Amino acid sequence: MSGFLPYGRQTIEDDDIAAVTEALRGDFLTTGPTVEAFETAFAAKVGAQHAIAVSNGTATLHLAMMSLGVGEGDVCIAPSVTFLATANCARYVGAEAVFADVDPDSGLMTPDTLARALSRVGDKRVKAVLPVHLRGDVCDLPALKAMASAAGAVLVEDAPHALGSIGTFGGVEHPVGDGAYSSFASFSFHPVKTLATGEGGMLTTNDAELAARARLLRSHGMVRPAGGDPWWYEMPELGFNYRIPDILCALGLSQLAKLDRFVARRRALTALYAERLAERCPRVRLAQSPAHSNPALHLLTVLIDFEAEGLSRRTVVDSLKSQGIGTQVHYIPVHRQPYYVNRQGLADLPGADAWYKRCLTLPLFPAMADGDVERVVDALAAILG
Ligand SMILES: *Cc1c(COP(=O)(O)O)cnc(C)c1O
């Protein structure tokens, strides 16, 4: 691919466009059969019993919190290194977000960082722990689940980076989203994620009751009681309009069929990055991947000791940009956002700060050519000297 290389982007092919066109010619633009078809195919792909398609990944998290009955006086634990939405969903339902530190080399919540977060909760009730499979690397789900259970909480996996990732636990391979350790897993189809629908998200669960609640709350909390008049509906509790249209689910279905190919290409590009970086930029390290994780590699995040290099991150970012290479920083630790500092003061999370100081995400998406990786590594090697 020539021209500007963004850090991530969608891969839309002619058959994806044809699938959307067909949906546009159909009877249902929304609440039609393509939504269910996408849910069924997605559930089968990740090995979950239920999948609920939703308008975006943030809405999936909000629905998960509501379905689990998280509310005022409760606490949810989220890692500080994540997108804002992981913590914000606790606030949407009136609960407090407590931030867990992360391992400074993987960026992940670990049993150790969760233990320290639990010790800071005080006498409030922890309802949910939200591990984030950062970059696609799978968190230690059995250990986190055991600790959450002991505290009376459940796991909700925030998994937009990890569609196609596999965790191997006790010798068994678990696709992320199979619900073996969590009450819900949440996915997003924002264009930089593994599959794109523009905006879109999916919740998976193996709990039929939770699935039914999420479906109900996705559409205003409205029910049509059996035997009622044909126009009759009732709203026993407050829900939202978090529906996703058939038009987007047609795109999602078409994209889902390509997931294995997309992930294979991400893995091949990452292997090439690892090889070239080791040769040309030996001081630049890839983020560490735990032994149990076989990631789908959503992000190519490297760690650079900018101080030791005598360069600011801004200099590196600007220089790469001037050569047509996009980068991003994943993420600014959420515990440092003014909203949370104003609510709770500033927690001491040295792992998150150490990760933030060094992280830089380089371009990675399936349509990249091998030559694009060479171009990025050449540019980085020249800057770092
Ligand atoms: C993208 C993302 C979200 C939010 O998804 P949207 O579809 O953009 O609302 C939440 N958490 C993480 C970790 C994400 O990467």
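Remember, predicted model here, so these are calculated numbers, not experimental data.
A distance of 12.0 Å separates CZ in Arg213 from CD1 in Ile52, rounded to the nearest 0.5 Å. To the nearest 0.5 Å, atoms CG (Leu297) and CG (Asp137) are separated by 7.0 Å. Between atom CD of residue Glu237 and atom NE2 of residue His220 there is a gap of 14.0 Å, rounded to the nearest 0.5 Å. For the atom pair CE (Met202) and CZ (Phe189), the distance works out to 4.5 Å, reported to the nearest 0.5 Å. In this structure, the separation between CG on Leu253 and OG1 on Thr40 is 9.0 Å, given to the nearest 0.5 Å.
For the side-chain contact (heavy atoms from CB on, under 4.5 Å) test with Met109, the passing option among Asp103, Leu144, Val132, Asp101 is Leu144; the others fail. Of the residues listed (Phe83, Tyr7, Trp355), the one engaging His330 in a ring-ring contact (aromatic ring centres under 6.0 Å, His included) is Tyr7, and it is the only one.
No side-chain donor-acceptor contact under 3.5 Å links Ser319 and Ser322. With no hydrogens or angles considered, a side-chain donor-acceptor pair links Asp16 and Ser254 at under 3.5 Å. A donor-acceptor pair shorter than 3.5 Å can be found between the side chains of Arg267 and Asn294. For the 3.5 Å distance criterion, the side chains of Thr361 and Thr327 fail to qualify, holding no donor opposite an acceptor. A donor-acceptor contact closer than 3.5 angstrom is absent between the side chains of Thr301 and Arg135. Gln255 and Gln10 form no side-chain donor-acceptor contact under 3.5 Å, judged by distance and modelled atom types alone.
Relative orientation of the His174 and Tyr181 rings is perpendicular, given thresholds of 30° and 60° on the angle between their planes. Relative orientation of the Phe42 and Phe38 rings is perpendicular, given thresholds of 30° and 60° on the angle between their planes. Using a 30° and 60° split on the angle between ring planes, Phe99 and His335 fall in the tilted class, from 30° to 60°.
In this structure, the side chains of Lys45 and Asp260 come closer than 4.5 Å at one or more pairs of heavy atoms.
Geometric assessment of Arg313 against the ring of Tyr356 yields a positive cation-pi assignment under the 6.0 Å and 45° thresholds.
Hydrophobic clustering of Ile, Leu, Val, Met, Phe, Trp and Tyr side chains at less than 4.5 Å, counting indirect connections, keeps Val192 apart from Val317.
Of the possible donor and acceptor atoms, one in the side chain of Thr21 sits under 3.5 Å from a partner among the backbone N and O of Ile17.
Between Glu72 and Lys127, no side-chain nitrogen of the basic residue sits less than 4.0 Å from a carboxylate oxygen of the acidic one, so the salt-bridge criterion is not met.
Aromatic ring centres of Phe240 and His62 lie closer together than 6.0 Å.
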